[in-house]
Amino acid sequence: MKFDVLQQSCDFELDCALLTLGFRPVIMCIGSDRVTGDCLGPIVGQMLVERGADAFVYGTLSRPVTALNLKESWRNIKRAHPNKKVLAIDSSVGKESDIGKIRVTFGSIAPGSADGKKLPRVGDVSITATVTDLSKTPLSAVRLGVVYSLARDITDRILRCITLYS
């Protein structure tokens, strides 16, 4: 089940999602710092760490969780936090009308599926943001301002929820 989280709407869906994660959530921020359209996750992770989020954050600009280390990272997270649910964050592709939309999903995501990669599904709750319509703009040509703005919005919402519910 998916919910559009629009900037003008309340954050009820995100609040509910983060509440299911419990105290000091585990957050897996997925993406590559080498592809602008794919760096949403690492930027969110970096912002969360820099702003002192009371969370276990995996995936930052200096230590990204990418297709190359996703399986190992997921295994390490589940080993380090065996009884905790994980929030997965990743950029997504979609229709032009969906660019800029943030979605919260109660369930896992399949990173790299837009590129045809066969990676494991990760997360118990996920946040994705649509950064491009691949028929118009490849991931490598997505404007950094679009990704950064979405990352800042997601980070602000997560920090607000962590503060409210901790």
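All of these numbers come straight from a predicted model, not from anything done at the bench.
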Going by heavy atoms in the side chains, are [X] and [Y] under 4.5 Å from each other?
X      : Y      : answer
Arg103 : Asp98  : yes
Asp54  : Phe23  : yes
Pro138 : Thr132 : no
Val142 : Ile99  : no
Val122 : Pro111 : yes

Grouping I, L, V, M, F, W and Y whenever their side-chain heavy atoms are under 4.5 Å apart, do [X] and [Y] come out in a common cluster?
X      : Y      : answer
Ile102 : Met28  : no
Leu144 : Val93  : yes
Val35  : Leu61  : yes
Leu48  : Leu150 : yes
Val44  : Leu139 : yes

If you compare all heavy atoms of [X] against all heavy atoms of [Y], which two are closest, and at what distance to 0.1 Å?
X      : Y      : result
Ser62  : Gln46  : N-OE1, 3.9 Å
Ser91  : Gly37  : OG-O, 2.9 Å
Leu87  : Ile127 : CD1-CG1, 3.8 Å
Val147 : Thr36  : CG2-O, 3.5 Å
Ile89  : Ile154 : CD1-CG2, 4.4 Å
Asp38  : Pro42  : O-CD, 4.0 Å

Interatomic spacing from [atom1] in [X] to [atom2] in [Y] - rounded to 0.5 Å:
X      : Y      : atom1 : atom2 : value
Ile158 : Ile27  : CD1   : CD1   : 5.0 Å
Ser97  : Asp133 : OG    : CG    : 8.5 Å
Thr128 : Lys101 : OG1   : NZ    : 12.0 Å
Thr137 : Arg143 : OG1   : CZ    : 10.5 Å
Ile109 : Asp124 : CD1   : CG    : 11.0 Å

Margin query: Please determine whether side-chain contact (heavy atoms from CB on, under 4.5 Å) holds for the pair Phe56 and Ile77, giving the CA-CA distance in whole Å, both sets of side-chain angles, and the decisive distance to 0.1 Å.
Written below: CA-CA 9 Å; Phe56 298 101; Ile77 288 169; over 6 Å; no
Check: Quick check: does any side chain N or O of Asp33 sit under 3.5 Å from a backbone N or O of Cys39, one acting as donor and the other as acceptor?
Finding: no
Checklist line | Whether Thr105 side chain and Gly107 backbone form a donor-acceptor pair below 3.5 Å | finding: no
Next item on the list: Could you note down all residue pairs passing side chain to side chain donor-acceptor pair (under 3.5 Å) where residues 77-88 supplies at least one of them, sequence neighbours left out?
Entry: Tyr58-His81, Asn76-Arg79
Note to self: My understanding is that only residues two or more places apart in sequence, or in another chain, count here; which of them pass side chain to side chain contact (heavy atoms under 4.5 Å, CB included) with Arg152?
What the structure shows: Met47, Tyr148, Ser149, Asp156
Notebook entry, point to check: Please walk me through it: do Leu40 and Asp90 pass side-chain contact (heavy atoms from CB on, under 4.5 Å)?
Noted result: CA-CA 6 Å; Leu40 177 82; Asp90 199 4; over 6 Å; no
Next item on the list: In sequence, state the C-alpha distance, the side-chain angles, and the governing distance for Leu21 and Val26, and then conclude on side-chain contact (heavy atoms from CB on, under 4.5 Å).
Entry: CA-CA 8 Å; Leu21 300 175; Val26 178; over 6 Å; no
